[in-house]
Amino acid sequence: ARGAPETSGAERQTLRPGDGSGVGSGSLERFLNFRALLMLFCRTVESAGFDASPVRQAVLAGAIRDRAVEAAAQLCRHELRAAVARDKYEPLRIAGPVALRHLVLAYGLDDERHTQ
């Protein structure tokens with residue numbers, strides 16, 4: 001439809017307001033509404049004879065990037081769950097100050113970049 005926001009079915013499935021798939025369901029809903037308003041603005045400007053293709057392309061590129069980020073996040077969540085299920089994690093036991101110092105030096109944890 002000419003007046004409907006341009007979103008794909010996959011986007012509606014992965015970026016539903018209130019499903020917890022974003023920063024916050026309220027901010028996600030505001031973002032989707034803002035994007036729909038931008039697309040409506042582009043159509044309005046184009047109907048007046050102006051070129052709004054740079055704005056339209058930026059909005060659509062953002063939608064593609066959003067889907068890619070969501071797909072990557074889902075993959076990371078899947079890999080993390082698989083690793084946690086596969087490996088048994090237990091607290092690290094350190095015998096004393098000498099063993100702690102050895103561990104800190106072995107992993108470079110005394111480097112200033114890691115302590116800030």
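All heavy atoms count here, side chains included; hydrogens, waters and symmetry mates do not.
- Among residues two or more places apart in sequence or in another chain, the side-chain contact (heavy atoms from CB on, under 4.5 Å) test is passed with Ile94 by Leu92, Ala99, Leu100, Leu103.
- Atom CD of Glu79 is separated from atom CZ of Arg86 by 7.5 Å, given to the nearest 0.5 angstrom.
- In this structure the side chain of Arg56 never reaches within 4.5 angstrom of the side chain of Leu38, judged on heavy atoms.
- Leu40 and Val45 fall into different hydrophobic clusters, where Ile, Leu, Val, Met, Phe, Trp and Tyr residues are linked whenever their side-chain heavy atoms come under 4.5 Å apart, directly or through other members.
- The line from CD of Gln57 to SG of Cys42 is 10.0 Å long, rounded to the nearest 0.5 Å.
- Residues satisfying the salt bridge (Lys or Arg N to Asp or Glu O under 4.0 Å) test with Arg77, not counting sequence neighbours, are Glu70.
- Hydrophobic cluster of Val98: no remaining members, since no ILVMFWY side chain lies below 4.5 Å from it.
- In this structure, CD in Glu46 is found 10.0 Å from CZ in Phe41, a value given to the nearest 0.5 Å.
- A heavy-atom distance below 4.5 Å is found between the side chains of Arg101 and Val104.
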